[in-house]
Amino acid sequence: MRHDVAASVVVFLVALPLCLGVAVASGVPAELGLITGIVGGLVTGLLPGSSLQVSGPAAGLTVLVYEAVQEYGIAALGALVLVAGILQLVMGFLRLGRFFRAISVAVVEGMLAGIGLVLIAGQLYAMTDSEAPASGLDKIAGLPGMLSGVIGSERAFAAFGLGMGTITVLVLWNRLPAKLRVVPAQLGAVVLATGASLSLSLPVATVEVQGLIEAVRMPDAAGFGGLMSLGALGTVLAFALIASAESLFSAAAVDRMHDGPRTSYDKELIAQGAGNTVCGLLGALPMTAVIVRSATNVQAGARTKASRVLHGVWLLLFAALLPAALGLIPVAALAGVLVHAGCKLIPVRQLAKLWREHRGEAVVLVVTAVAIVSVNMFEGVLIGLALAVIKIAWETPRVRVAVVDKGAGPVHVHLSGQATFLCLPKLLDSLEALPQDRPIELELTGLWHLDHACRTSLENWAARHSAEGTDPVRVASGA
């Protein structure tokens, strides 16, 4: 138990600034991030699935939550998350958790890269205490003007200095002596930035504090009424699918880090759904399993799920006993934490390796990321998935045509492989090049798939060939 207690304290110290930063970046009160972290520990943490991964608000959903809050209002957030949680429960009970492992890794990495780009661009505005434009492209296009305005504003300059200082501390933290590195980097960076802001009396924005109970917004009839629009249903689906995919990919990564019990993907999906259902009832942020906290939990020596449950207890005690401490934290410092987190979402090294070894996968990753930045999260992911399917269809083994012509008698044509509509040009070219005045024997037993388009085209070709006064095409079918 002592290993789990010690690990829970470390995870709590890592989770605290991330819960706050994700909430502020999502455009909601900071306490809602803490509530999601608490539910991730006390609800999801108690349920079976993955024993060591830790759940809470994630940077990966920040952009989508911000867009939802701007579009439907914070009052509708609870209803959106609640329905997404119920959808996750249904998928878990239908044993669909294992199928998330079949999602193209390139699409998931492209999704995270797109989120990272939009997150970085948006939080750079927060690092100057200014408001970010709505769309991803506008955020990026407005960065030169925003950065040039830092020089002429004392408040913007001070906030930007705090944010950059926070990022610098995070980057250099691993070079500090081991005794200092006992404190998690995110907490150390935020504490140092807060101390600098207070000691220098910097004119920067700080986290607005409401109180834990006051921040709770249970969904009402008006919130559920807003779900009737197609856009809201798309947001719910995006919450459920992205949160599920990120959680189950995290579970697979955590399983590789320890020798304990393996994850039951369907049970983990149910656990995530239960957590999001409770978060929805409380009007909090959606949750996922978070790889940063989960890896910290394993590396800190956790043995059982008690560590993740206790980390939720520590978050609850902090929010209940020390809420005023939140109001001292500069928004720019939390923005710096998220800019650093956003950079980690962009797989620069993996992309270079992918381009050398699997160029098609690299294209899927880049297109998915660009689509998310250019359009929005949900449509960007759909574009990535569609492109991945097209890539698979294009790279699937094609039909092979073997012609045996002994100079006399019928011409034997053997088809093997997979005959789909993508193969039709090559297939028809080969068949139409056969001698028109000779009988044809067409062997299909080597095909392991023959789609409707190919079957129809073969029948039409056979009818045309037989109409020229030759013997009818004889077909031996195996598909």
Work out which heavy atom in Leu32 is nearest to a heavy atom in Val28; give both atom names and the distance. CD1-CB, 3.8 Å
Is it true that, when you exclude Arg95 itself, more than 12 heavy atoms of the residues, nucleotides or ligands shown sit nearer than 6.0 Å to its CZ? no
Write out all pairs satisfying side chain to side chain donor-acceptor pair (under 3.5 Å) with one or both partners inside residues 274-292, taking only residues at least two apart or from two chains. Gln88-Asn276
Return a table of donor-acceptor pairs under 3.5 angstrom between the side chains of residues 150-160 and protein atoms on other chains or two or more places apart.
residue : atom : partner : partner atom : Å
Ser153  : OG   : Ala156  : N            : 3.2
Arg155  : NE   : Asp129  : OD2          : 3.3

Classify the side-chain pair Gln272/Ser55 by whether it contains a donor and acceptor separated by less than 3.5 Å. yes
In residues 72-85, what donor-acceptor pairs under 3.5 Å come from side-chain atoms, sequence neighbours left out?
residue : atom : partner : partner atom : Å
Tyr72   : OH   : Gly231  : O            : 3.3
Tyr72   : OH   : Ala232  : N            : 2.9

Can you tell me how far CZ of Phe318 sits from CG of Leu212, rounded to the nearest 0.5 angstrom? 11.0 Å
Mind checking side-chain hydrogen bond (donor to acceptor under 3.5 Å, both in side chains) for Thr166 and listing every partner two or more places apart, or none if nothing turns up? none
Which donor-acceptor pairs under 3.5 Å do the side chains of residues 137-147 make with protein atoms, sequence neighbours left out?
residue : atom : partner : partner atom : Å
Asp138  : OD2  : Ser135  : OG           : 2.9
Lys139  : NZ   : Pro133  : O            : 3.0
Lys139  : NZ   : Ala134  : O            : 2.8

Closest contact, heavy atoms only, Leu351 versus Ala362: CD1-CB, 4.0 Å
Leu230, CG: over 12 other non-hydrogen atoms inside 6.0 angstrom: no
Write out all pairs satisfying salt bridge (charged side-chain N to carboxylate O under 4.0 Å, His left out) with one or both partners inside residues 69-79, taking only residues at least two apart or from two chains. none
Distance in Å, Met91 CE paired with Asp266 CG, rounded so as to fall on 0.5 Å steps: 11.0 Å
For Glu208, is the CD atom crowded, meaning more than 12 foreign heavy atoms sit under 6.0 Å from it? no
Going from CD1 on Ile346 to CG on Leu117, what distance comes out if it is rounded to the nearest 0.5 angstrom? 4.0 Å
Quick one: side-chain hydrogen bond (donor to acceptor under 3.5 Å, both in side chains) partners of Thr128, sequence neighbours excluded? Ser130
Name each donor-acceptor pair under 3.5 Å that joins a side chain in residues 333-343 to protein atoms two or more places apart or in another chain, with its distance.
none

Look only at the side chain of Arg293 and the backbone of Val11, and say whether a donor-acceptor pair between them is shorter than 3.5 Å. no
At what distance, to the nearest 0.5 angstrom, does CG of Leu61 lie from CD of Glu67? 11.5 Å
Considering only distance and modelled atom types, tabulate donor-acceptor pairs under 3.5 Å from the side chains of residues 185-195, sequence neighbours left out.
residue : atom : partner : partner atom : Å
Thr194  : OG1  : Val190  : O            : 2.8

Closest contact, heavy atoms only, Val69 versus Ser26: CG2-O, 4.1 Å
Contact summary for Gly114 and Ile372, nearest pair of heavy atoms: C-CG2, 4.0 Å
Heavy atoms, side chains only, cut-off 4.5 Å: are Ile383 and Thr368 in contact? no
Sequence neighbours excluded, every pair satisfying side chain to side chain donor-acceptor pair (under 3.5 Å) that has a member inside residues 300-319: His3-Arg303, Asp4-Thr304, Ser8-Trp314, Asn297-Ser307
Judged by atom type as modelled, is there a donor-acceptor pair below 3.5 Å linking the side chain of Trp173 to the main-chain atoms of Val183? yes
Contacts of type side-chain contact (heavy atoms from CB on, under 4.5 Å), residue Arg175, not counting sequence neighbours: Leu172
Determine the minimum heavy-atom distance between Ser197 and Leu162, stating which atoms define it. CB-CD1, 3.9 Å
Close side-chain approach of Pro29 to Arg217, heavy-atom, < 4.5 Å: yes
Euclidean distance, Glu357 CD relative to Leu354 CG, rounded to 0.5 Å: 8.0 Å
Where do Arg181 and Leu176 come nearest, in terms of heavy atoms and distance? NE-O, 2.7 Å
May I ask you to decide if Leu285's main-chain N or O and Thr36's side chain share a donor-acceptor pair within less than 3.5 Å? yes
Under the 3.5 angstrom rule, does the side chain of Thr206 hit a backbone N or O of Pro330 as a donor-acceptor pair? no
Output side-chain donor-acceptor pairs under 3.5 Å for residues 38-53, partner residues at least two apart or in another chain, one line each.
residue : atom : partner : partner atom : Å
Thr44   : OG1  : Ala271  : O            : 3.3
Ser50   : OG   : Thr263  : OG1          : 3.4
Gln53   : OE1  : Ser250  : OG           : 3.0
Gln53   : OE1  : Ala251  : N            : 3.1
Gln53   : NE2  : Glu268  : OE2          : 2.8

Measure the OG1-CZ distance between Thr235 and Phe239 for me, rounded to the nearest 0.5 Å. 6.5 Å
Flag side-chain contact, heavy atom, 4.5 Å: Val10 against Val182: no
Do Phe12 and Val313 come close enough that some side-chain heavy atom pair is under 4.5 Å? no
